[in-house]
Amino acid sequence: MAGRIRDDDIALVRERTRIDEVVSQYVTLRPAGTGSLKGLCPFHDEKSPSFNVRPQVGAYHCFGCGEGGDAISFLQKIEGLGFVEAVERLATLAGVQLRYVDGGQPERRQPGTRARLIEAHKAAAQFYAEQLHSSPEAAAGRTFLAERGFDRAAAEHFRVGFAPRGGSALLSHLRGRGFSDDELATGGLAATSARGRYDRFRGRLVWPIRELSGDVVGFGARRLFDDDRIDAKYLNTPETPIYHKSQVLYGVDLARRDIARKSQAVVVEGYTDVMACHLAGVPTAVATCGTAFGEDHARVLRRLLLDHEEFRGEVIYTFDGDEAGQRAALRAFEGDQQFVSQTYVAVEPDGLDPCDLRLKHGDAAVRDLIARRIPLYRFVLERALERFDLDRADGRVDALRATAPYFRSVRDRAKLNAYSRELAGMLGMDVDEVRAEVARAAGAPGRAAGAPGRAGGGHGAGGARGDRAGRGRGPVAEPGRTPTAPQTPLPDPNEPRLSAERELLKLVVQSPTVVGPAFDALEESDFTHPAYVAVRRASAGAGGVGTSAGGDAWVSALADHSPDDAVRGLVTALAVEPLRAAGTPDQRYAGSLLARVQELAVARRIADVKSKLQRMNPVEQTEAYNKLFGELVALEQHRRGLRERAVGGLG
């Protein structure tokens, strides 16, 4: 049994890991103030970004669902890893050699765990790629690629491979690498028959399907030989613990940075189309893997596009011009409300897909196809109007009634008038008449005949899916850490009465060297909310603010000394929440906050003294009354001094 990872090695991993680099593998981050980054939360659906990352302190926090923590806990949540496994992965990336208590080595994961399946798929992808260029029977695969304009460099860039025709070539190879048959069957690399286990993919060209992180989680395999027992042209990895076809997009690992940089995603229909687009100069292309583009695919792209009201991007679908392509466009239109981005469609008049278009007309033709995109709604309307005789008055009325409800999926209501004018022009009808019908359809609770439905009944922040991450959750607990029950209640971050306490604690978490030992001199009674008191205690337990150099190690220490998950979550929230200071906070700003918190504490004491004085008889209790009155005068004087310091520091 392997030992526990040494605490100082864990601290070194945290120190050397850039949390923004880890998070940006999954979420597009944009600047959001001094030292802060923001993006769409990967743990719940939302329209506007509330997911904050502060690289300086190595923490993230979502103010929408409450998830928060450091790079280790982020990797745990996003990949479903255990604490040790997450540390080991980050250690590899950071170049940290981990040491284990009692001299242990990293423990071997039990069969079926994510780490083992990822390792098996990585080895399988390498094996397939080697076979494509070395095996004589892979000539059919090499010919297939060459006939579609893909040379060896292209195959290697996309890591295309070949699955040998024999029934157990991959099995034998991976068995020799220490993987069990059960592991390979669980991961979808092997199938089972009455005669035992055999390779799932045989005699096929294979494309590795990768997650955003770059890990291979599955494969898509194309039929090459006429005697293939499986008739399906394409065969994909089945659902496994690491592969879910509704959540993966082929090529997203290669396209993610360009999608974020260009605020554009091009959705094509096949693996070779993705290759053709990238090689032709459209590096934002991705494709679904054996299933229609759906809600979970949209969530992946939205995170990369940072798709919300402020940062607009565009999603471009490529469809064939035939009837099947039109049906695909209608399905995409039904899910259009999943994006704030403008949605477009790029249709090649001759029905050529991007791969065939590039082969026949060259790279420029592919780029031109994308450049000639038209709004998806216009494409859908034009196809819908083809069903009606617009030379007849009744045909125009029927067409209007059928198409007006389509505008219910348009997010920007301010554009309804413009769309009404465009529809009026297409129908040859009066603009006011069309506008009235569009307005009526847009506000109608039911769905008019012929109008597309709304996929999922409205996807956005606040939906049922949006709460699946749970509210108020803190970082994933390390082994041996048991949350205290009941959890500490959390304060409203916008409560004016507590604003000074929260701002001071943000400064303590983010820039402890600015606050210094003065914070350590405060009493617990200077804080009014139990959660803020708990953070004050955590700072003392971590050695005191006056001894801290800040950074992610300080945030981790505060989290380690927090009593429960609620307070640990609050620590990460305080670590990423922007300060109200204009520019970089300094000791003057810290002094004003310290004075303000103390002033409020003195004000509470003054209120108590006044209440006691009102209940006392100055004649019968002269000595006690005069003593208490003297205390009141001193408190009032102290309060005025604190107020001057507080105001002066903020001036």
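Fair warning: this is a prediction, and the values are worked out from it, not measured in the lab. Because only heavy atoms are used, hydrogens play no part in the values below, and waters and symmetry mates are left out as well, while side chains stay in. Starting from 1, each residue takes its place in the sequence as its number.
Defined by atom type and a distance below 3.5 Å, a donor-acceptor pair is present between the side-chain atoms of Ser556 and Arg14. Between the side chains of Arg502 and Tyr532, at least one donor-acceptor pair of N or O atoms lies under 3.5 Å.
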Q.
Run Trp554 and Val57 through side-chain contact (heavy atoms from CB on, under 4.5 Å) and show every step you take.
A. CA-CA 8 Å; Trp554 172 241; Val57 296; over 6 Å; no
Q: Please test Lys245 against Glu239 for salt bridge (Lys or Arg N to Asp or Glu O under 4.0 Å), starting from the C-alpha separation and ending with a verdict.
A: CA-CA 7 Å; Lys245 63 182 180 181; Glu239 293 287 307; 5.5 Å; no
**Q.** Stepwise ring-ring contact (aromatic ring centres under 6.0 Å, His included) test for Phe219 and Tyr243
**A.** CA-CA 9 Å; Phe219 295 92; Tyr243 178 83; 9.3 Å; no
Q: May I have the step-by-step check of side-chain hydrogen bond (donor to acceptor under 3.5 Å, both in side chains) for Glu46 and Ser50, ending in yes or no?
A: CA-CA 8 Å; Glu46 59 179 4; Ser50 57; 2.4 Å; yes
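Side-chain contact between Cys289 and Tyr271 is present, with heavy atoms from C-beta onward closer than 4.5 Å. For the pair Ile316/Ile370, a side-chain contact is recorded, criterion being any heavy-atom separation below 4.5 Å from C-beta on.
The side chain to side chain contact (heavy atoms under 4.5 Å, CB included) with Thr17 is formed by just one residue from the set Leu75, Asp552, Leu93, Leu90; it is Leu90. With Arg114 as reference, Glu211 is the one residue of Glu85, Glu211, Glu183 to meet the salt bridge (Lys or Arg N to Asp or Glu O under 4.0 Å) rule.
With respect to Lys262 and Glu314, no salt bridge is recorded, no charged nitrogen being found less than 4.0 Å from a carboxylate O. Ion pairing of Arg18 with Asp20 is present here, as a side-chain N (NZ or NE/NH1/NH2) and a carboxylate O approach within less than 4.0 Å. Salt bridge annotation for Glu524-Arg536: absent, with no cationic side-chain nitrogen under 4.0 angstrom from a carboxylate oxygen. With respect to the salt-bridge test (charged N to carboxylate O, under 4.0 angstrom), the residues Asp215 and Arg210 do not qualify. A salt bridge is absent between Glu119 and Lys122: the closest approach of a Lys/Arg side-chain nitrogen to an acidic carboxylate oxygen does not fall below 4.0 angstrom.
Taking CD of Gln97 as the reference point, atom CG of Leu12 lies at 11.0 Å (rounded to 0.5 Å).
Note on ring orientation: taking the six-membered ring where Trp is involved, the planes of His278 and Phe158 are perpendicular (angle over 60°, cut-offs 30° and 60°). Classification of the Phe51-Phe74 ring pair by plane angle, with boundaries at 30° and 60°, yields tilted.
Within a 6.0 Å radius of CD in Glu79, other residues, nucleotides and ligands contribute more than 12 heavy atoms. Atom CD of Gln25 is surrounded by more than 12 heavy atoms from other residues, nucleotides or ligands within 6.0 Å.
Checked against the 6.0 Å centroid threshold, His529 and Phe527 do not count as a close aromatic pair.
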